[in-house]
There are 2 protein chains.
Amino acid sequence: MDFADKLRASGLRPTKQRLRICKTLFDRDKTFHFLVKDLVETLNEKTEDQKISVATVYNTVHAFKKSGYLKQLNIDPNHNYFDTNISHHHHFFDESTKELIDLNNDQVEKIEIKKTLPGKTISSVEILVKVENK
Amino acid sequence: MDFADKLRASGLRPTKQRLRICKTLFDRDKTFHFLVKDLVETLNEKTEDQKISVATVYNTVHAFKKSGYLKQLNIDPNHNYFDTNISHHHHFFDESTKELIDLNNDQVEKIEIKKTLPGKTISSVEILVKVENK
DNA sequence: CTTTCTTTTTAGAATGATTATAAACTATAT
DNA sequence: ATATAGTTTATAATCATTCTAAAAAGAAAG
C-alpha cells in the first residue's frame, strides 16, 4: 500500500502536496521529531520544486495527526514537536543539548498507577526523562 | 519566614507586586496549576487594587520558577501551565474535561529506566497519564 | 533623611508560531 | 465534460509571550 492508498484509506485525497509531505516525513530509515516551521523550510529549500504554503503544511500535519500517522509531543511548552514514531514510547530530553531521544516502552519497567479516577479510563501513559551532562 | 524574607533569601526584592503575587499563588490550602495570562487577570480583577502589569507578572513567574518556587509543566503544547506544587509528582490530564490533576510520586510504582545515555545523568522523571470518560 | 546605585515596574511595541479567511484550484464521481 | 466537495494558497489576524527604554522604588551609605 503506497502513500496515495494510505491517504485515500484515511479519507484524504492524495494531492501533490500531501504526497511530497509524506515522502519527506515517512520515506526514511528512522523515525524523527520535527517542528512544523522546520518542515515548511525543508519542503521548500529545493528551489526547483513548487513551494508548498505554510497553511497547507500545518493543515496536513494536523490531518496526519488526526489519522494517527503522527504524534504530537508534550516536551517543552515553547516548542511544539511532532513525532513520526507512532508506537507506544517515551522520551529523553537532554537539557544540555536540547536534544530529544526516543525511549522504547520495553526499556521501561512496567508502570503501575495506584491512583484511579472514578468514571475515567487511562488512554495513555507517557514518560519524560530529563537528562543532563554528568 | 514570611514571603518578604523568602524573596530576599532568593535575592529578590520584596516589592508590593511580588508580595501580592506570592499571596495569590502561595497563600492557599492546596497547590494549583495556572496559566500566566489567567494569573494576570486574577490579580487585576479587584478594581480597588493598583493594577500589576503583564510584564511584571511574566517576569515574576519566571523569577519564581528560577528560584524553585514554581514548576513549569509539559502537558499540552498549546498551554503553558505553571504549578505551585514543587514536590516530585506526576499528572493526570483529563482529555474529556481538559482538567489537570496531580498524581503523587508515591502513587506510582517505582519507574526503572533500563536504557542509559553515555555521559548523561537523569535529572527528572515525569509521567503524564491521559484519561478520558469510561 | 538625602543621595546614589541598582533593581524593578511599566505601557506599549514587537515577535513568532499558529490559525483564520475566502478566493482559486483540483481530484473524483457522475 | 460537468459538478461538487475537498484542498491549496497568500495574506491577514490572533494571541501568548518577550522586548524596550524610561520612570519608579528598594537598598545602602553617608
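Just so it is clear, the model here is predicted, and its values are computed rather than measured. Chain naming here is simple, since letters A, B, ... match the order of the sequence lines and numbering starts at 1 in each.
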For atom CG of A:Leu12 and atom C1' of C:dT26, their distance in whole Å: 15 Å
Between C:dT8 (C1') and B:Ile21 (CD1): distance, integer Å: 11 Å
Is the side chain of A:Asp94 donor-acceptor paired with the backbone N or O of A:Thr97 at a distance under 3.5 Å, no angle test? yes
Would you say B:Lys71's side chain and B:Ser87's backbone share a donor-acceptor pair under 3.5 angstrom? yes
What is the distance, to the nearest angstrom, from the NZ atom on A:Lys16 to the P atom on C:dT28? 12 Å
Applying a 4.0 Å non-hydrogen cut-off, can you work out what B:Thr15 is touching in the nucleic acid: base, sugar-phosphate, or nothing? sugar-phosphate
At under 4.0 Å, does any side-chain N or O of B:Arg18 touch on OP1 or OP2 of C:dT7? no
Tell me which of B:Asn78 and B:Val54 sits closer to the 5' end of DNA chain C, going by the nucleotide each one is nearest to. B:Val54
Given 3.5 Å as the limit, does a donor-acceptor pair link the side chain of A:Asn85 with the main chain of A:Phe32, or not? no
Does a side-chain N or O from B:Asn59 land closer than 4.0 Å to OP1 or OP2 of C:dT8, or not? no
Can you give me the first and the last nucleotide of DNA chain D (5' to 3') that has an atom within less than 4.0 angstrom of a non-hydrogen atom in chain A? D:dA5 to D:dA10
NA contact type, B:Leu35, heavy-atom cut-off 4.0 Å: base, sugar-phosphate, or nothing? nothing
Say whether, by atom type as modelled, one donor and one acceptor occur between the side chain of A:Ser123 and the main chain of B:Lys130 under 3.5 angstrom. yes
Toward the 5' end of DNA chain D, which comes first, A:Gly11 or B:Tyr58, by nearest nucleotide? A:Gly11
Given C:dT18, C:dA27, C:dA11, identify the nucleotide with an atom nearest to the side chain of A:Pro14. C:dA27
Could you tell me the separation between the CZ atom of B:Arg13 and the P atom of C:dT9, rounded to a whole number of Å? 10 Å
Donor-acceptor check, side chain of A:His90 to backbone of A:Ile127, threshold 3.5 angstrom: yes or no? yes
Can you check the B:Gln50 CD to C:dT10 C1' distance for me, whole Å? 10 Å
For the pair A:Arg18 (side chain) and A:Arg13 (backbone), establish whether a donor and an acceptor sit closer than 3.5 Å, ignoring hydrogens and angles. yes
For A:His89 and A:His91, take the angle between the two ring planes, folded into 0 to 90°, and tell me which bin it lands in: parallel under 30, tilted 30 to 60, perpendicular over 60. perpendicular
Need one value for A:His62: base, sugar-phosphate or nothing, where a base atom within 4.0 Å counts as base even if backbone is also close, heavy atoms only. sugar-phosphate
Tell me: OH of A:Tyr81 to P of C:dT18, nearest whole Å? 11 Å
